[in-house]
Each structure stands twice: as structure tokens, then as C-alpha cells.
Amino acid sequence: MDYLDGLNESQRKAVEATEGPVMVIAGAGSGKTRVLTYRIAHLINKGVDPFNILSLTFTNKAAQEMKERIGKIVGFSEARNIWMGTFHSVFARILRSEAEKIGYPSNFTIYDTQDAKNLIKAILKEEGLDEKVYKPGLVLNRISAAKNNLLSSTAYNNNTTIQSEDRQSAKPKIGEVYKKYESRCFKSGAMDFDDLLFKTNILLRDFPDVLNKYQHRFKYILVDEYQDTNFSQYTIVKKLGAVLENVCVVGDDAQSIYGFRGADIQNILNFKNDYPDVQTYKLEQNYRSTQNIVEAANCVIKNNKDQIEKNVFTSNTEGKAIKIHRAATDNEEGKMVANLIFETQLQQQAKAKDFAILYRTNAQSRAMEEALRRKNIPYKIYGGLSFYQRKEIKDLISYFRLIINPNDEEALKRVINYPARGIGKTTLDKITIAANNYQKSMWQIITNLHRVNIGINNGAILKINDFVSMLQSFAAQITSKNAYDLANEVATTSGVLKDLYADRTPEGISRYENIQELLNGLKEFTETENEEEEDVTPRGLPEFLQDVALLTNADNEKEEDKNKVTLMTIHSAKGLEFPYVHIVGLEENLFPSQLSLTSRVDLEEERRLFYVAITRAEKELHLSFSTSRYKWGNLMFCEPSRFIEEIDEKYVEYTFTKGSRAENPVKPKNSYNSGYPSTKNDYSKPKNYSSQKKNKPPQPEHTTPKNLTKIGASTDDVSANTLNLSEGMMVNHQKFGNGVIETLENGKATINFQNIGNKQLLLKFAKLTIVK
DNA sequence: GTATTATCTAAGTCT
DNA sequence: TAGATAATAC
């Protein structure tokens with residue numbers, strides 16, 4: 001089999017060891033995907049039915065790409081039958097066909113984080129709990145962690161450790177919220193992300209026949225990125241593989257970066273305890289990166305304690321030194337990176353798609369975007385708000401969701417009064433209370449208003465009835481119309497299109513366009529008539545909706561986005577590679593994150609994150625930091641990240657003089673290498689300013705004038721206003737027109753406007769101009 | 001009941 | 001600074 005010839009010794013062994021438990025420890029860039037691909041292809045060539053292979057990947061995109069690669073070896077008609085996808089999407093699919101067993105409808109809704117948070121908020125309100133104490137995000141995290149450890153709300157409430165934890169954090173009612181949350185989701189026929197795994201576990205635990213069925217269906221199980229599985233996922237794999245034990249896990253403990261999501265690095269460290277006769281293979285040769293990059297990554301990771309011993313090496317060329325850049329502000333950093341990319345593009349004939357800018361937090365993308373835009377460098381951003389999470393899209397999709405599952409409470413609440421149809425807060429509150437009283441869903445209440453009097457006045461009842469019959473008429477068309485036609489009908493009849501069209505502001509126009517884009521997507525979906533599947537069922541709305549909630553931006557990359565600079569968080573860069581990589585924002589409290597500094601475990605995860613970031617690079621790696629940065633609206637000083645220092649100096653090159661403070665960081669050519677300072681961490685930052693304090697720092701001495709005005713602009717304007725104004729002055733306000741200042745004290749002014757009389761304004765917000 | 005305006009608070013990573 | 005929510009005006 002000639003496809004095996006392209007593999008090295010250990011890769012080949014890992015591919016050929018098809019029977020029994022196998023663990024592949026794959027260093028970064030060591031051809032892990034290759035092994036997985038060939039292993040599956042090899043199984044199929046050996047006669048294994050693709051339907052009997054379950055391959056769990058970390059993203060849907062990875063699954064898609066792998067399928068394509070396997071298809072090229074064994075043929076696409078075979079490859080498409082493999083069960084392949086993320087844990088979430090594969091088990092969502094299985095849950096749909098088995099849902100009734102656990103009391104769910106097969107058309108259950110998948111709640112995304114937004115939906116889940118909204119539900120938590122509603123529950124907090126009903127329970128009279130203070131949102132400031134019980135922060136919805138935090139409560140949800142707690143519930144999520146519980147589910148990932150397979151704790152139901154009952155188990156949560158009976159667990160003394162957890163209860164005392166919650167009491168100690170002054171949030172003893174989280175357990176009750178969890179209980180309500182659980183039952184509300186159930187009543188709504190909804191599962192959140194964690195439920196997809198949690199309920200799968202319930203299914204496999206309580207229904208031995210189902211477990212048995214899947215144990216024999218999935219004769220071969222492969223799990224990619226095994227180091228990032230949580231207990232819930234681990235248990236699923238363990239159970240499914242318990243009979244045949246053909247479980248192959250691939251991963252790298254050094255790249256475990258999802259601890260916050262419950263991922264347990266012990267799963268991979270302890271794999272051999274679970275399967276004593278495991279065959280272990282280590283892939284240690286890196287084919288991706290230059291020697292400098294590989295060695296730098298090794299330097300960094302050796303600072304961590306817990307790890308499986310391995311020696312990642314490469315026979316690639318030494319490559320260029322890793323460049324370290326300093327900037328004065330976050331915007332400067334953006335400019336600098338944009339300039340570097342621009343220059344490299346010219347000098348090395350590189351394409352835009354060869355570059356990636358990686359950051360720790362999504363908020364950092366803004367400065368990068370702006371700089372790239374100014375230089376006309378095409379870019380694309382992953383993460384942040386996905387298309388499907390935009391308000392207008394979610395609104396329309398909520399209609400779709402309701403058509404398919406009318407009990408979906410979060411969808412109902414979103415659209416029952418959007419566009420405005422006179423069903424206000426009071427009415428909604430009454431419905432909610434009734435739903436809770438009768439233990440029914442909101443939909444069940446509003447479709448039975450003629451039977452129970454819950455104190456809604458007749459006018460409102462009429463409006464509700466209109467809404468209900470509109471939805472019912474949509475639902476009636478579900479089989480007769482294809483997804484696009486029905487969606488169009490919904491968008492028009494519901495008034496969503498009209499409402500968005502009426503808004504002619506630029507944002508409004510873009511919202512309208514987004515809806516159009518969604519409809520276009522649906523059209524395409526409808527027209528690609530299941531060409532791959534044998535059965536030619538027309539694709540309706542239910543099929544489209546099935547796992548929209550699980551889609552991310554990466555999953556629907558457009559053709560025109562192919563040749564663009566990639567901007568993403570390091571987390572989402574996992575598994576990817578780029579010739580030129582810029583890691584930005586290497587500052588203490590940002591990377592490593594401030595929240596990680598108190599525990600060794602968290603700090604080690606940050607370090608692994610840095611390791612992941614470094615090892616994305618093939619040819620060139622640039623690290624940059626800024627000496628000041630906006631945070632929560634304040635300019636703060638930053639210290640360079642400790643991670644920079646962890647790389648041996650022989651692999652790096654500073655593009656500025658560490659001791660001075662006057663370098664222009666944009667021009668690396670003649671400024672690097674000139675004299676390292678003897679003291680560590682001396683990056684010319686004034687020592688008396690701690691980045692913890694929210695002091696307003698002095699202006700950087702040698703930044704460009706342009707930048708200076710930009711930093712100071714907003715604050716200066718305000719203070720100018722405050723300083724120059726005095727009582728009796730005539731000022732102009734954008735909306736209120738001209739008026740005379742009557743009083744003026746601590747940032748507040750009472751102004752007598754000619755048209756509307758007295759008004760109190762905060763000078764911080766009011767954009768006043770002096771008339772005389 | 002709805003639309004506009006003022007005020008508050010938040011930015012850690014993802015399915 | 002922005003988005004979410006509370007307060008206020010209509």
C-alpha cells in the first residue's frame with residue numbers, strides 16, 4: 001500500500017496498529033493529522049465498513065478536511081459514511097434518533113450560551129436572586145462544570161463539598177437555580193452544549209440495549225486532541241469502547257489548553273491505567289517548523305512540571321531567529337505588525353493567507369484590524385461574535401426554531417413581541433407565572449388561553465392569538481415548502497424584514513443584509529439537494545436548523561476569504577499552521593492572563609497555550625508586546641510577559657535596544673542586537689509605575705505625534721469642556737440646541753435650553769460646543 | 001405599552 | 001468604548 005510509504009517509522013506503526021487500545025503522543029507538527037487520516041484509510045482498505053468507524057475531532061472543519069483527505073485515498077463514497085465530527089455534533093445526531101427514550105422530542109432545540117444565560121437570568125428574577133451576586137455567566141459556568149462531571153441537579157444539591165463551596169462564595173442557591181434550569185430546559189425541549197454530552201451519558205447509562213447497539217456499531221473509535229477531553233467525553237469514549245477496546249486516542253499533553261472547559265489532562269496521562277495493554281507511540285519529529293522555533297518551544301514547555309516525557313526535534317533548517325518587538329501602545333503594536341506583514345509580503349513573495357496574528361483575548365483584535373485595514377491588507381477574523389449569534393439572525397432563527405419546536409421558551413421570548421405587536425412585559429410576566437404554576441411551557445399556555453383565565457386582557461389575548469395562528473400557519477407548511485421558501489415566508493409575514501428595512505442607518509442596513517445573507521445561505525442549502533446522500537429527501541427547515549447552534553465562523557468559510565491574513569485567538573488556532581506567525585500582546589496580566597497568576601495549574605495551562613502558539617509557526621515567528629494598553633477604558637502600563645524570558649536568548653533577536661526607551665519599534669533593521677542589558681526584565685519601563693495601578697501614565701516620550709493626539713483625544717476634549725465652561729455661557733448641544741449654563745458643579749451642569757427648558761447634563765457625555 | 005435616553009458595567013479562552 | 005439594562009418621556 002503505497003500511501004504508507006510517506007510515513008516515518010513511528011507514524012507507520014501507529015497507523016498499522018489497528019487492533020486494541022492505542023495511544024499516540026504526538027508532538028506539535030509531528031504529522032498527527034496524517035496519522036489519523038491514514039489510519040482511517042487503512043482501516044477501510046482492510047475491509048472495515050466506514051459505518052463502523054467513529055472519529056471524534058475537535059472542530060467540524062477538521063472533520064470535513066479529514067474526510068476529504070481520506071476520500072482521496074479510499075474514495076469519497078466510502079469516506080462520507082464515516083461517523084466523523086466533534087463530540088457535540090456526533091452525539092447530537094445520535095441523541096436525535098434516541099431522544100424519546102430519555103423523554104426528549106427528537107426535534108429538541110440546542111441552546112447556545114446566550115440562550116442559556118437568558119434562561120438563567122429569567123430564573124434568577126423569578127427566584128428573587130440578585131443578578132449582581134449570582135452573575136448569570138458564573139452560575140452557568142458552575143452548572144456547566146457540574147454537567148461536565150456528570151452531576152445532575154439532584155447530585156449537585158446532595159453533594160456536601162459543592163454545597164459548602166457555594167455557601168462559602170455566598171451563593172447557596174446555585175443548586176436551586178440548577179434544578180430550575182434543568183426542568184425549564186426539559187419543558188422547552190432544549191439541551192445546552194453540555195447536555196449534548198451529559199444526556200448521551202444518561203442514555204448510555206440507563207439503556208443497556210442502546211449502549212450495546214453503539215458499542216457494536218462503533219467498532220473502531222478514534223479521538224483526536226484527547227488531552228482536551230473532559231470527564232463527560234471521557235466517559236462516553238470509555239463506555240463505547242468497553243467491549244472491543246479498539247480505541248485510539250491521539251494527543252499531546254503539552255497542548256492541553258481547555259482546562260477551563262473541564263478538560264482533564266489526566267485523561268491522557270492515565271490512559272494506560274484504563275487500558276493496561278495499550279500500545280503507545282510517540283511522534284517526536286517535527287516537520288512543520290524551523291529548528292529555532294522548535295527549540296524555542298521546547299525551552300518554554302520545559303518550565304512545566306506535569307508532562308509525558310518526550311523529545312521534540314526537527315531536521316528542518318535552523319531558520320531565522322525569533323523576533324521580539326516592542327511597541328508603545330496597542331495601536332502602535334497593530335501598526336508595527338501590519339508593517340511587518342506588508343514588508344514580508346513584498347520581500348518573500350508571501351501571500352496574505354501565509355500570515356496569522358494570534359492573541360490571547362478576542363478584544364485584542366480591534367487594534368490589529370484597524371492597522372491592517374489602513375494598510376489595505378485583507379484579513380479575516382475567527383471567533384468573537386459568530387454570524388449566527390448576531391441579534392437579527394438569532395431573531396429570525398428563533399422563528400424557525402419555534403416552528404419546529406414551539407415549546408422552545410427562549411425562542412418564544414425573543415420573538416413574541418418582535419417586531420413589536422403589543423405583547424408587552426406585563427403580559428409576558430403573566431404567561432411566565434402561569435407556565436410555572438401549571439408546569440407547562442409558555443407555548444402550551446398561550447395556546448390554551450380560552451381555557452384558563454390568567455388575567456390577560458382581551459386586547460392582549462387577541463394579539464397573542466394572532467401570533468399563535470401565524471406560527472401555526474408556518475408550521476403547517478413545513479413539509480410542503482422547502483427551507484428557503486418557508487424561511488422567506490417567515491421573514492416577510494412576521495414583519496422582520498420590514499422592520500429591518502425601515503432602519504436606514506448603516507448598522508440597520510448591514511442587519512438587513514445579514515438577513516439576506518442568511519436567506520441566500522438557505523437557498524444554497526435547499527438547492528444542494530442532498531447530493532451526497534442516497535435518499536433524496538428535500539431539505540427543509542428542520543434539516544437546516546439541526547445544528548446551526550453548533551456551527552462556528554470557521555465552518556462556513558467563504559471562497560473570497562481564502563487568501564487573507566488570519567486573526568484568531570490562540571485557542572482557535574489549535575491544530576492549524578502558518579508560515580508566518582505573529583503572537584501579539586505578550587504582556588504580564590494579559591498573557592499570562594491575570595486570572596491565571598494565582599495558581600500553578602492555571603499558569604502552566606497558559607504556558608501550554610504559549611507553546612501551542614509558538615508551534616503554529618513554520619518559517620518565521622514574531623513576538624510582540626506593548627508597554628501600554630487600554631483596559632476598561634484606561635490606559636495602563638504593561639510589563640513584558642515572563643514567557644519571553646523563558647526562551648533561550650540564542651534563539652531570539654530583539655528589534656529594539658532593551659535598555660533604551662526611545663527606539664522606533666517599527667524599523668528593525670539597524671536597531672537590534674545592540675547591547676543587551678544585564679538586568680532581566682529591564683525593558684525601559686519607568687519602574688515606579690505598576691501595571692496594577694490605574695495611574696494615568698506619562699505620555700510615552702517618542703511616539704509619533706499622530707498617535708499622541710489619538711491617545712489623548714477623548715479625555716482631552718472632555719477636560720477642555722469642563723475647564724473652559726463657566727456659568728452664564730451659551731452652549732450648543734447636538735440634540736437640545738442652544739442653551740445657557742445655569743449651574744456648574746462636579747462634572748454636572750444645569751443648562752437652560754431655549755427650546756426645552758432646564759436640563760441636567762453630565763459633561764462627560766454631553767458633547768457641548770461653546771457658542772459664546 | 002413603546003421608544004428614547006441615561007447609567008452601569010464589563011473584556012478569558014470554546015462547543 | 002460598547003452593549004445591556006434601568007429610567008424616563010411619550
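Note on naming: letters A, B, ... go to the chains in the order of the sequence lines (proteins, then strands), and numbering restarts at 1 for each one. Everything quoted here is computed from the prediction, not taken from an experiment.
Between A:Asn362 and B:dT13 there is a side-chain N or O to OP1 or OP2 distance below 4.0 Å. Between A:Ser89 and B:dT15, a side-chain N or O to OP1/OP2 separation shorter than 4.0 Å is absent. Side-chain nitrogen and oxygen atoms of A:Asn141 include none within less than 4.0 Å of the OP1 or OP2 phosphate oxygen of B:dG12.
Identified under the side-chain hydrogen bond (donor to acceptor under 3.5 Å, both in side chains) test for residues 128-137 of chain A, with sequence neighbours left out: none.
At a threshold of 4.0 angstrom between heavy atoms, the contacts of A:Lys574 with the nucleic acid are absent. At a threshold of 4.0 angstrom between heavy atoms, the contacts of A:Lys135 are confined to the sugar-phosphate backbone, with no base atom among them. Within 4.0 Å of A:Thr113, counting heavy atoms only, lies at least one base atom of the nucleic acid. Contacts of A:Asp194 with the nucleic acid, taken as non-hydrogen atoms under 4.0 Å apart, are absent. A:Phe87 comes within 4.0 angstrom of no nucleic acid atom, judged by non-hydrogen atoms across all strands. Using a 4.0 Å heavy-atom cutoff across all strands shown, A:Ser596 reaches no nucleic acid atom at all. Across all strands shown, A:Asn417 has heavy atoms under 4.0 Å from sugar-phosphate atoms exclusively, and none from any base.
Between A:Leu56 atom CG and B:dC14 atom C1' the separation is 17 Å, expressed in whole Å. In this entry the distance linking OH of A:Tyr258 with C1' of B:dC14 reads 5 Å, nearest Å. Nucleotide B:dA11 holds its P atom 16 Å from the CE atom of A:Met636, rounded to whole Å. Distance, A:Phe193 CZ to B:dT15 C1': 5 Å, rounded to whole Å. Going from atom CD of A:Gln389 over to atom P of B:dC14 covers 11 Å, rounded to whole Å. One can place CZ of A:Arg93 at 20 Å from P of B:dT15, the figure rounded to the nearest angstrom. Rounding to whole angstrom units, CD1 of residue A:Ile265 and P of B:dT13 are separated by 21 Å. Rounded to whole Å, atom P of B:dT2 lies 14 Å from atom OH of A:Tyr418.
Minimum heavy-atom separation, A:Ser626 to A:Thr329: OG-C, 2.9 Å.
Here the side chain of A:Ser144 pairs no donor or acceptor atom with the backbone of A:Leu140 at under 3.5 angstrom. Checking side-chain atoms of A:Asn267 against main-chain N and O of A:Thr229 turns up a donor-acceptor pair under 3.5 Å.
Each of A:Ala363 and A:Gly424 lies near DNA chain B, and the nucleotide nearest A:Gly424 is the one positioned closer to the 5' end. If you find the closest nucleotide of DNA chain B to A:Lys463 and to A:Glu605, the one lying nearer the 5' end belongs to A:Lys463.
Minimum atom distance to the side chain of A:Phe260 is reached by B:dT13, of the listed B:dT13, B:dA11, B:dA3. You'll find that the side chain of A:Arg360 is closest to B:dG12, out of B:dG12, B:dT15, B:dT2. Of the candidates B:dT15, B:dG1, B:dG12, the closest approach to any side-chain atom of A:Thr427 belongs to B:dG1. If you check B:dG1, B:dT9, B:dC14 against the side chain of A:Lys132, the one that comes closest is B:dT9. Here the nucleotide nearest the side chain of A:Leu550, chosen from B:dG12, B:dC14, B:dT15, is B:dT15. Minimum atom distance to the side chain of A:His571 is reached by B:dC14, of the listed B:dT15, B:dC14, B:dA11. Among B:dG1, B:dC14, B:dG12, the nucleotide with an atom closest to any side-chain atom of A:Thr361 is B:dG12.
With sequence neighbours excluded, the residues forming a side-chain contact (heavy atoms from CB on, under 4.5 Å) with A:Ser188 are A:Tyr111, A:Ala190, A:Glu409, listed by chain and number. For A:Phe578, the ring-ring contact (aromatic ring centres under 6.0 Å, His included) criterion is met by no residue, not counting sequence neighbours. Listed by chain and number, the residues in a side-chain contact (heavy atoms from CB on, under 4.5 Å) with A:Glu577 are A:Arg288, A:Glu618 (sequence neighbours excluded). Listed by chain and number, the residues in a side-chain contact (heavy atoms from CB on, under 4.5 Å) with A:Leu428 are A:Ile416, A:Ile431, A:Met442 (sequence neighbours excluded).
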Any protein N or O atoms within reach of nucleotides 4-6 of chain C? Criterion: under 3.5 Å, listing atom names and distances.
from: C:dT5; atom 1: OP1; to: A:Lys121; atom 2: NZ; distance (Å): 2.8

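Among A:Ile110, A:Thr86, A:Ile94, A:Val90, the one residue that satisfies the side chain to side chain contact (heavy atoms under 4.5 Å, CB included) test with A:Leu196 is A:Ile110.
You'll find a donor-acceptor pair under 3.5 Å spanning the side chain of A:Glu606 and the base of B:dG12, going by distance alone.
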